[in-house]
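Chain naming here is simple, since letters A, B, ... match the order of the sequence lines and numbering starts at 1 in each.
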Number of protein chains: 2
Amino acid sequence: MRPLIHPSIEDITVEGILHALSDPVRAAIYAELAISSGATCSNFLKISDRDIPKSTLSQHFRALREAGLIRSERQGVEMRNTTRCAEIEQRFPDLISTIMKAHQLQAAGRVREAKLKKSAGRKAS
Amino acid sequence: MRPLIHPSIEDITVEGILHALSDPVRAAIYAELAISSGATCSNFLKISDRDIPKSTLSQHFRALREAGLIRSERQGVEMRNTTRCAEIEQRFPDLISTIMKAHQLQAAGRVREAKLKKSAGRKAS
DNA sequence: TTCTATAGTTCATATGTTGCGAACTACGGA
DNA sequence: TCCGTAGTTCGCAACATATGAACTATAGAA
């Protein structure tokens, strides 16, 4: 089992961050980690009613880790994950927070849309 | 030749934007377009000393277009491209500008590094 | 109108990336 | 030592990307 790779702060790239967060599953994981620091991999086997296979999850965590977005540490049998947002904020001010805000905005928009659709459905029936 | 696809502002997603800008070539194109609005595809056959084949360029423009980042309009034999930053700013405040700032910061860092390396090389020789 | 040059697009394909089940490793506790 | 839980790795199928070659669209010249 190869040791976990955490790039040093200078090796973190904007491209890497954008790529990592351009996946909705990874963005959701990152958003959750930003709130509930220390969550483990298997806390995410379900993400907004979708089942994610654990091999896939493991890959997503690796992607986040190697992009420099999170730090993973073995703690007994499980893996504690924390965001590296403070470090990244130093290097790329506001980048992460602005991206997460945009994600939230978009999610809020989807909820609003779903409600409209639902009420339109009621009217039609 | 299928007509160009420009998503409406509501159909633009954060994931799409991040993915489009996670490619260094596309990020460079977008950055340049933000300054010199109306640039054409073949203005980018060379990007920072790298030759990009025109078929590849065409695909990159398509990616930017379909992510909603740029608008392309035929003007005679060529294609005028402009960013849709004002629209996107409305929908996702600060997103694009923060990403571009981060890209600039990173580029500046690379230049500094290259200079250090060069001066180290001089010392060594 | 036809020919030619220029700007981009599309197609085919080789190469790279991602998702996921199955098999594996790592650790803690009985 | 064995078992259960947490996570990783492998192998392969599906999908994405890069690029040369062939194509389309347009403007201007002959």
Task: Heavy atoms from other residues, nucleotides or ligands near NZ of B:Lys46 exceed 12 (cutoff 6.0 Å) - done: yes
Open item on the list: Can you tell me if A:Glu73 has over 12 outside heavy atoms packed within less than 6.0 Å of its CD?
Closed with: no
Which whole-number value in Å describes the distance from [X] [atom1] to [N] [atom2]?
{"X": "A:Ile29", "N": "C:dG19", "atom1": "CD1", "atom2": "C1'", "answer": "13 Å"}
{"X": "A:Glu66", "N": "D:dT8", "atom1": "CD", "atom2": "C1'", "answer": "12 Å"}
{"X": "A:Ile52", "N": "D:dG7", "atom1": "CD1", "atom2": "P", "answer": "15 Å"}
{"X": "B:Leu57", "N": "D:dG20", "atom1": "CG", "atom2": "P", "answer": "12 Å"}
{"X": "A:Leu45", "N": "D:dT5", "atom1": "CG", "atom2": "P", "answer": "13 Å"}
{"X": "A:Glu73", "N": "D:dA6", "atom1": "CD", "atom2": "C1'", "answer": "16 Å"}
{"X": "B:Arg80", "N": "C:dG8", "atom1": "CZ", "atom2": "C1'", "answer": "14 Å"}
{"X": "A:Leu64", "N": "C:dT18", "atom1": "CG", "atom2": "C1'", "answer": "14 Å"}

Open item on the list: Has A:Arg91 got a side-chain atom pairing as donor or acceptor with A:Ile9's backbone, closer than 3.5 angstrom?
Closed with: yes
Open item on the list: For the backbone of A:Glu32 and the side chain of A:Ser36, can you confirm whether one donor and one acceptor N or O come within less than 3.5 Å of each other?
Closed with: yes
Open item on the list: What I want to find out is whether A:Lys115 reaches A:Glu113 closely enough, with some N-O distance under 4.0 Å, to be called a salt bridge.
Closed with: no
Task: Sugar-phosphate or base contact per nucleotide [nucleotides 9-18 of chain D; S, B, -; heavy atom under 4.0 Å] - done: B-------SS
TODO: Please test A:Ser72 against A:His6 for side-chain contact (heavy atoms from CB on, under 4.5 Å), starting from the C-alpha separation and ending with a verdict.
DONE: CA-CA 8 Å; A:Ser72 313; A:His6 293 98; 4.2 Å; yes
Open item on the list: Which is more 5' along DNA chain C, the nucleotide nearest A:Arg50 or the one nearest B:Arg74? Just name the residue.
Closed with: B:Arg74
Task: Hydrophobic cluster partners of A:Leu4 (side-chain heavy atoms under 4.5 Å) - done: A:Met79
Task: Non-hydrogen atoms of A:Ala39 and A:Leu33 that approach each other most closely - done: CB-CD2, 3.7 Å
Task: Along DNA chain D (nearest heavy atom to each residue), the more 5'-positioned of A:Leu4 and A:Val77 - done: A:Val77
Task: Intermediate values then yes/no, salt bridge (charged side-chain N to carboxylate O under 4.0 Å, His left out), B:Glu87 and B:Arg84 - done: CA-CA 6 Å; B:Glu87 284 170 86; B:Arg84 296 177 65 181; 2.8 Å; yes
TODO: Find the bend of the helix from C:dT1-D:dA30 to C:dA30-D:dT1 as the angle between its two terminal axes (five pairs each), to the nearest 10°.
DONE: 0°
